There are 2 protein chains.
Amino acid sequence: MSAAVADDKPRNAQTVKALLKLREMVLNGELPPGERVAELSIVDRLGVSRTPIRMALVRLEEEGLVDCLATGGFVVREFSDQDIADSIELRGTMEGMAARRAAERRPDRAELAEIRDCVGNLDALIRRRELSMDDFSDYIRLNDRFHSLLVELAASAVLKRSIERILHLPFASPNAFVFVQSELPESREILSIAQEHHRSILEAIEHGEGGRAEALAREHSRIAQRNLQVALSNQQQRDRIPGASLIRQRERA
Amino acid sequence: MSAAVADDKPRNAQTVKALLKLREMVLNGELPPGERVAELSIVDRLGVSRTPIRMALVRLEEEGLVDCLATGGFVVREFSDQDIADSIELRGTMEGMAARRAAERRPDRAELAEIRDCVGNLDALIRRRELSMDDFSDYIRLNDRFHSLLVELAASAVLKRSIERILHLPFASPNAFVFVQSELPESREILSIAQEHHRSILEAIEHGEGGRAEALAREHSRIAQRNLQVALSNQQQRDRIPGASLIRQRERA
DNA sequence: CCCTCGATTTTTGTATCCAATACCGGTTTT
DNA sequence: AAAACCGGTATTGGATACAAAAATCGAGGG
């Protein structure tokens, strides 16, 4: 019998630790945009040697979170509002392709079971009278699941990789701005619209309607675009710095 | 006066050397798919120490050319014919987005000058009676340039990065299969069709017709799909191994 | 004959070491 | 006073050292 509990110590523990921590530090602004990332300063902060930190930095550079300085070393990349909007649009485009591919593949009932279940759960969630904070985190989980399953249904490894990579960019994830909705009076309506999208995307896939599936997935990503706009104007009202980062708001999520 | 000749010795020369060489070795099959990449074996072959090799491998893993083995180390990734087709489709999708974005941006004459020039040169090239091998390499250069400029016109850093990354995948580049055309009797006709696409994509951008530009860019990528099919059936005729790699053919390019 | 187990030998992941060079401040010079 | 110069420090890229894990291979047992 296998005695292996979840004591999974990956062989490259230090590197993944550095990668996860550094990514988090960049995303939540602990390492401000434009700041040079001195490896030594990270060494004391994380307690791992330079080597895994450098590996992690290379990965982050490929992901696009840091830039490789010509003179050597890395700086935290600055993301303009336009960059964030572009990421969302690109995600929408690629998820559109995924939806079309899924529809054209004509998956059978078994393959569709999970995503149907997911949509069903979302339906049930939305139907509740009041939406507590727990409900919102459930929503985020289910929403994430829907998007993952959609990509899975496209059955394309390269598409999957490309989409997953872009999700690491700041605010590109499908629910990066759900926390904005949760504060909006029309929150429930937005969720209903999104859920209507989910349902019809699934329907289009079931019917093999590739074009419709694609168009809907793209339209779906516009919700994120709108939430981004709201977040930006909220922030603009709060402090008068126009294009500044959204990091503060995000911490509440 | 600046005495600096092109003695550009980048600070990280070893790493880029390892990256370029390793990428080439993977792409031309010197490192066959499925083979584990032992760092030591690379050390003697390239004459650089493990550290830069390791960096390069991490980058290649992010690019998708090698996979990170759960047990540790890297293996050359296997690309199925479907993977190659998917890469082309994804490139077409993203270039479609680029074309639409370019059209919606309404670039002015100055911004369009280069791509117009490029299309003009392509026109002149196609009009020649006979196409020599030199002409074909000119075509490849100009075609590459057209696609780069298209992405440039979209003015989206994140889109640009995503497209450039996928171009590193095997046979994903816009002219990966032009060498197939060059052997085909209908070669000239295919080039004409492609050029017609180039012209109308530019026209759509000039007129601000985003949807048309997108549709055309996508259609344009179908040429690559067809060339892939031809290459595959060619190879299937030659040796009877169905899904085998296209590497042999590529070496002639 | 095949399978299992164990010792040997690679190979990896991480830490450290070294040389080169970019950065910073003070100094000098015009 | 401003700009160029210079020297010291800090930091990076690359090489190496070392320990732990994994593949390899052979012997022994079923």
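All of these numbers come straight from a predicted model, not from anything done at the bench. Throughout, protein chains are lettered first and strands after them, A, B, ... in sequence-line order, and every chain is numbered starting at 1.
Distance CG (B:Leu40) to P (D:dA15): 14 Å, rounded to an integer number of Å. As rounded to whole Å, 15 Å separates atom C1' of D:dG13 from atom CG of B:Leu19. In this structure, CZ of B:Arg36 is placed 10 Å from P of D:dA22, rounded to the nearest angstrom. Following rounding to the nearest Å, B:Asp44 (CG) and C:dT11 (C1') show an atom-to-atom distance of 13 Å. If you measure from atom CD1 of A:Ile53 to atom P of D:dT11, you get 13 Å, rounded to the nearest angstrom. If you measure from atom CD of A:Glu61 to atom P of D:dT12, you get 15 Å, rounded to the nearest angstrom.
Note on residues 30-40 of chain A: pairs passing side-chain hydrogen bond (donor to acceptor under 3.5 Å, both in side chains), not counting sequence neighbours, are A:Glu39-A:Arg50.
Shown here for B:Ser173 and B:Leu167, the closest heavy-atom pair between the two residues is CA-CD2, 3.9 Å. Scanning all heavy atoms of the two residues, the minimum distance from A:Ala56 to A:Leu22 falls at CB-CD1, 4.0 Å. Taking each heavy atom of B:Leu142 and B:Leu122 in turn, the nearest pair found is CB-CD2, 3.6 Å.
Remark: B:Arg141 does not engage B:Asp144 in a salt bridge, criterion side-chain N to carboxylate O under 4.0 Å. Using a 4.0 Å cut-off between charged side-chain N and carboxylate O, A:Glu62 and A:Arg165 make no salt bridge.
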* Structure fact -> B/S/- along nucleotides 13-18 of chain C (protein heavy atoms under 4.0 Å) is BBBBB-
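Heavy atoms of A:Val37 sit under 4.0 angstrom from primed sugar atoms or phosphate atoms, though from no base atom.
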